[in-house]
Amino acid sequence: MSSPWGKSQTVPVMPCSLEDVMSEQLAHELQQQEEKESQHVGEKRTIQEILAAASESSETTDDWLLAQMLQQEFDREHDQTLRVEEKKFNGNNKVSISFENYRVVHPAYRDDEEEDDEVDPDEIENRKSAWDSPSPKFNKSGVSGKGKNITTKHDAVICGRRNASKIMDFGPDFHSGDGEGIDMKLSNKVYNTLKMHSLAENKRSQRLHEKKEFSTSEHVLDPRTKLLLYKMVNNGTLESVGGSISSGKESVIYHAYGGSKNGVLLSPECAIKIYKTTLNEFKNRGAYVDGDHRFSRDEFKKNNPRKVIRIWGEKETANLNRMKKFGIPCPAVQVLNKHVLVMSFIGEDQIPAPKLKDADLSLEDLEDAYDQVVKMMDTMHNKCALVHGDLSEYNLLWYQEKVWMIDVSQSVELTHPKAMEFLFRDCCNVCKFFQKAGVHNVKEPEKLFNKITGLNIKGKGAEFAAQVQRYDKERSAELLAHQITTKEYAFDYYFEKSQQDRLEEAEEDPEEVVEERNDPFEYFYEKSLQDKADQSHQEVGSSEDEEDEEDIEEELRNADVEKMDKIKLG
Ligand code: ADP
Ligand code: MG
């Protein structure tokens with residue numbers, strides 16, 4: 001048994017003096033010995049290379065290597081997250097923020113997929129300077145070198161290189177290709193042609209850009225419309241065209257200061273209504289023209305949007321003229337030129353009168369406004385033989401204590417197959433608005449309708465509306481049956497009929513005749529006279545034929561677009 005306190009049998013350690021241990025030489029020797037033993041002997045390798053080698057050999061037991069490998073994996077993951085964050089942050093922005101400085105893995109050791117396409121700007125600079133370098137320095141007279149080696153600034157090679165270099169400054173849209181690094185030379189002729197092309201392209205793209213902007217925000221102001229306005233300003237019809245007042249689905253309204261036409265002064269302030277030329281927006285409006293004997297539906301059938309668009313101007317002109325004639329407060333037509341209608345401005349100093357919807361009237365004014373509107377509707381129906389068709393607080397303006405009726409391009413004749421349906425809708429809109437606004441004596445729409453038309457349709461709401469539609473149908477069927485004989489003017493039939501009826505009834509009961517004055521078709525005779533007057537007015541707008549179209553095309557080709565653009569619009 002050996003005693004725990006017994007003498008231990010350890011291998012004797014070679015004594016070594018402290019001096020030896022501390023000696024630098026020994027330390028150096030030990031270091032060398034260690035390095036020799038290590039597997040990385042003699043190779044000056046970076047950590048990355050060591051790691052690469054280690055990861056190739058399937059296993060390693062070296063703790064240091066394992067730690068490094070783990071760290072590298074960790075760094076790579078960090079970089080990957082960073083890249084995702086960077087993409088998320090920048091999105092599709094043209095200017096992007098780089099997270100490069102937060103990356104950990106050295107670019108040289110990143111995976112291929114991580115590599116950036118970006119070229120080092122210094123490299124570009126170097127390439128460019130190398131490319132530019134062949135050009136020697138010229139003195140004031142454009143000469144370089146002496147004797148045999150003399151070179152002038154017109155030297156073909158130098159010029160060629162300079163030209164090639166210059167095309168890089170043509171602007172980002174010019175696809176010059178990557179000429180850098182190639183000793184490219186361009187002759188003056190080629191260079192000049194390219195330069196001219198670049199300038200022309202630049203101008204064209206600017207024009208395209210403008211056109212695009214106009215087609216969205218200033219939709220209707222296509223070159224034709226601009227030409228029309230430009231001509232009106234040029235020939236003094238208009239003093240100037242100002243800002244846009246409204247831009248709706250079907251038209252755009254601009255303010256303008258009036259000039260004079262044929263020696264007649266226009267209204268000092270005008271509203272220009274430009275009907276939109278997109279067929280899509282108008283395709284639903286055929287219903288308003290269909291059945292209106294004054295406006296041929298043939299144009300719709302021909303599908304010529306430019307001609308179709310003029311119909312609205314013609315319709316609005318004719319309707320406004322008729323309304324004016326019977327004293328309805330409405331804009332006065334000044335000039336109609338194709339799809340551009342100039343009328344008097346309701347308002348002052350470029351500020352349009354508010355719509356009833358926005359007018360913020362006192363109850364007293366509202367009650368007055370209601371009475372005025374009812375009177376207007378009555379006159380419109382019984383004197384003008386028209387139905388507004390889109391009557392509401394949006395198309396009634398309040399100016400100088402009066403209600404003004406606007407927007408009558410869709411208004412229809414009483415012979416229209418849906419005239420009564422439209423009228424009942426107008427009645428509903430008007431009554432609803434004034435009722436809501438707190439006016440006390442507002443009639444029920446059914447009563448208002450019967451009062452205006454002199455009809456005696458019974459029922460309420462949907463039932464009433466259905467009866468109105470039935471009435472429309474019966475009336476248009478009757479109209480259609482007789483249209484063959486009356487050809488163009490359907491109201492001639494009604495005029496004749498009413499005359500006949502009156503005669504017959506007069507024979508039976510002379511007093512009945514007076515009552516019959518409420519017949520909606522009683523006034524057609526008067527209307528036929530008005531129509532003839534209106535039509536002569538419309539001739540300005542409707543006399544356009546194919547030749548005229550060609551003239552416009554020609555004018556457009558020759559038009560000074562820059563000058564046209566100078567009329568301030570919007
Ligand atoms: P839309 O068919 O686009 O509704 P409107 O004829 O109703 O066209 O005009 C649109 C807006 O332009 C009106 O609500 C009104 O504010 C303004 N406006 C139209 N005509 C005139 C005018 N003669 N004077 C003043 N403002 C007008
Ligand atoms: Mg309107």
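Worth knowing before you read on, the calculation uses all heavy atoms, side chains too, and leaves out hydrogens, waters and symmetry mates. When a ligand or atom number is given, it counts from 1 through the structure's own listing order. Quick note: residue numbers are just sequence positions, from 1.
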- Does atom NZ of Lys357 have more than 12 heavy-atom neighbours, drawn from other residues, nucleotides or ligands, at distances under 6.0 Å? yes

- Message: If I apply the N/O under 3.5 Å rule, does Pro352 come out as touching ligand 1?
- Response: no

- Query: ligand 1 and Glu316, any nitrogen or oxygen pair closer than 3.5 angstrom?
  - Reply: no

Give the atoms of ligand 1, by number and element, whose distance to some non-hydrogen atom of [X] is under 4.0 Å.
X: Lys273; value: 2 (O), 5 (P), 6 (O), 8 (O)
X: Ala271; value: 21 (C), 22 (C), 23 (N), 24 (N)
X: Phe345; value: 24 (N), 25 (C)
X: Met343; value: 20 (N), 23 (N)
X: Pro331; value: 23 (N)
X: Ser246; value: 10 (C), 11 (C), 12 (O)
X: Asn395; value: 7 (O)

- Taking 4.0 angstrom as the limit, do Asp378 and Lys375 come out as a salt bridge? no

- Query: Does a side-chain N-to-carboxylate-O contact under 4.0 Å join Asp407 and Lys273?
  - Reply: yes

Just distance, no hydrogens or angles: give the donor-acceptor pairs under 3.5 Å from side chains in residues 427-448, sequence neighbours left out.
residue: Asn429; atom: ND2; partner: Leu391; partner atom: O; Å: 3.0
residue: Glu446; atom: OE2; partner: Gly461; partner atom: N; Å: 2.8

May I ask you to decide if [Y]'s main-chain N or O and [X]'s side chain share a donor-acceptor pair within less than 3.5 Å?
X: Trp404; Y: Trp398; value: no
X: Asp472; Y: Met420; value: yes
X: Asn235; Y: Lys231; value: yes

- Message: Side chains of Tyr471 and Glu421 only: does a donor on one sit below 3.5 Å from an acceptor on the other?
- Response: no

- Message: Below 4.0 Å from ligand 1: does a non-hydrogen atom of Gly347 turn up there or not?
- Response: no

- Query: So, does Pro354 sit close enough to ligand 1 that a heavy atom of it is under 4.0 Å from the ligand?
  - Reply: no

- Using side-chain hydrogen bond (donor to acceptor under 3.5 Å, both in side chains) as the criterion, list what pairs up with Gln372, not counting sequence neighbours. Asp368

- Task: Show all protein N/O/S atoms under 2.8 Å from the Mg ion (ligand 2), or state that there are none.
- Result: Asn395 OD1, Asp407 OD2

- Note on the structure: Sequence neighbours excluded, the answer for salt bridge (Lys or Arg N to Asp or Glu O under 4.0 Å) partners of Glu463 is none

- Message: In the structure I gave you, are the side-chain heavy atoms of Val408 and Met380 within less than 4.5 Å of one another anywhere?
- Response: yes

